[in-house]
Amino acid sequence: MTDPRYPIGKWDRRDTLTPGERTAMIAQVGEVPARMRTAIAGLDEAQLDTPYREGGWTVRQVIHHVPDSHLNSYTRFKLALTEEEPTIRPYDEARWAALSDSRDTPVETSLTMLDALHDRWTILLRAMSDDDFRRTLRHPDLGVMSLDALLSLYAWHGRHHVGHVTSLRQRMGW
């Protein structure tokens, strides 16, 4: 049985990507909003408030987490593109997910936010050069990361959380 925490497997850090890998990963980032909408289509409020695994976030919290996380990533890309190896600030994802906006906001709000954010983000990513993707930032927990590594992380991240929803639906027969 697949570990419900990692329905698509754990992230495999890639510090250097080929142009073809970048193109594929940028497409994966761009697909996240539509894939998330498809993953939750037809779910009712009780289903949205169901944890995707024992001890895990609810589907609603997962949906709100993705734009929170991806907004941070988009900002990190822009910092790394405009500053010399900036040190980024991590945040406590679990505490963010426990805030009222992650519990009480309609999911459509975050889906709309995700649409707009990913539109801007993919425009930025498609315009970046090979040299841009080699630029770095310093993550307090993960160390120095190239923008290639950050792209690989967030291409995985969107699929990872869509996988949380789709694997729950499959297990529950929804």
Side-chain angles (χ1 to χ4, degrees), residues 5-37 39 56-57 60-103 105 107-165:
R5 294 173 301 170
Y6 301 101
I8 66 165
K10 292 185 179 181
W11 173 52
D12 179 27
R13 182 172 174 160
R14 299 286 310 282
D15 291 310
T16 304
L17 301 172
T18 67
E21 289 169 328
R22 276 188 208 120
T23 298
M25 289 183 187
I26 292 167
Q28 290 170 9
V29 168
E31 294 165 356
V32 169
R35 288 183 182 264
M36 188 61 80
R37 283 182 184 281
W57 291 340
R60 183 184 312 277
Q61 286 172 305
V62 169
I63 293 164
H64 292 313
H65 162 73
V66 174
D68 284 348
S69 175
H70 291 195
L71 182 58
N72 273 282
S73 180
Y74 173 68
T75 301
R76 291 168 181 176
F77 268 87
K78 291 186 80 150
L79 288 169
L81 288 167
T82 60
E83 300 176 16
E84 292 306 313
E85 200 169 284
T87 298
I88 58 97
R89 187 179 186 287
Y91 65 100
D92 187 331
E93 296 174 351
R95 291 183 75 180
W96 281 40
L99 293 172
S100 62
D101 67 318
S102 293
R103 290 189 325 268
T105 302
V107 295
E108 185 57 38
T109 301
S110 281
L111 293 170
T112 299
M113 184 177 171
L114 202 59
D115 288 333
L117 172 60
H118 279 245
D119 186 43
R120 288 274 309 269
W121 196 8
T122 56
I123 289 168
L124 177 69
L125 292 169
R126 288 183 186 123
M128 289 171 57
S129 68
D130 291 346
D131 286 341
D132 289 336
F133 280 100
R134 286 190 280 273
R135 292 185 64 86
T136 58
L137 54 77
R138 183 172 300 277
H139 190 292
D141 300 323
L142 301 175
V144 174
M145 297 181 73
S146 67
L147 291 184
D148 268 340
L150 201 62
L151 174 60
S152 77
L153 173 59
Y154 282 90
W156 169 85
H157 188 261
R159 294 187 340 272
H160 168 71
H161 285 302
V162 167
H164 284 148
V165 177

Rounded at 0.5 Å granularity, tell me how far [atom1] in [X] sits from [atom2] in [Y].
X: H65; Y: S110; atom1: NE2; atom2: OG; answer: 11.0 Å
X: I26; Y: H118; atom1: CD1; atom2: NE2; answer: 13.0 Å
X: T112; Y: L117; atom1: OG1; atom2: CG; answer: 12.0 Å
X: L125; Y: Y74; atom1: CG; atom2: OH; answer: 9.5 Å

Residue pair [X] / [Y]: nearest heavy atoms and the distance that separates them:
X: A149; Y: D15; result: CB-OD1, 3.5 Å
X: W156; Y: K10; result: NE1-C, 3.7 Å
X: V107; Y: H64; result: CA-CE1, 3.9 Å

For [X], all residues meeting side chain to side chain contact (heavy atoms under 4.5 Å, CB included), sequence neighbours excluded:
X: L147; value: F77, A80, L81, M128, F133, R135, L137, L150
X: T82; value: none
X: D101; value: L99, T105

So, using side chain to side chain donor-acceptor pair (under 3.5 Å) as the criterion, who are the partners of [X] when residues are at least two apart?
X: E21; value: R14, T18
X: H164; value: H161
X: R35; value: E31
X: H160; value: none

Trace of the side-chain contact (heavy atoms from CB on, under 4.5 Å) decision for M25 with S152: CA-CA 7 Å; M25 289 183 187; S152 77; 3.8 Å; yes
Is it true that a side-chain atom of [X] and a backbone atom of [Y] form a donor plus acceptor pair closer than 3.5 Å?
X: S73; Y: H70; result: no
X: D132; Y: S129; result: yes
X: S69; Y: V66; result: no
X: S102; Y: A98; result: no

Restricting to salt bridge (charged side-chain N to carboxylate O under 4.0 Å, His left out), what partner residues turn up for [X], sequence neighbours left out?
X: R138; result: E85
X: D115; result: R37
X: R5; result: D3

Whether over 12 other heavy atoms sit under 6.0 Å from R103 CZ: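 Buried by this count: over 12 neighbours within 6.0 Å.
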Would you mind writing out the side-chain donor-acceptor pairs for residues 87-97 within the sub-3.5 Å range, not counting sequence neighbours?
unit_1	atom_1	unit_2	atom_2	d
D92	OD1	A94	N	3.2
D92	OD1	R95	N	3.1

Residue pairs involving residues 140-161 (criterion salt bridge (charged side-chain N to carboxylate O under 4.0 Å, His left out); sequence neighbours excluded): R22-D148
pair R126-T122: side-chain heavy atoms closer than 4.5 Å: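 Side-chain contact under 4.5 Å: yes.
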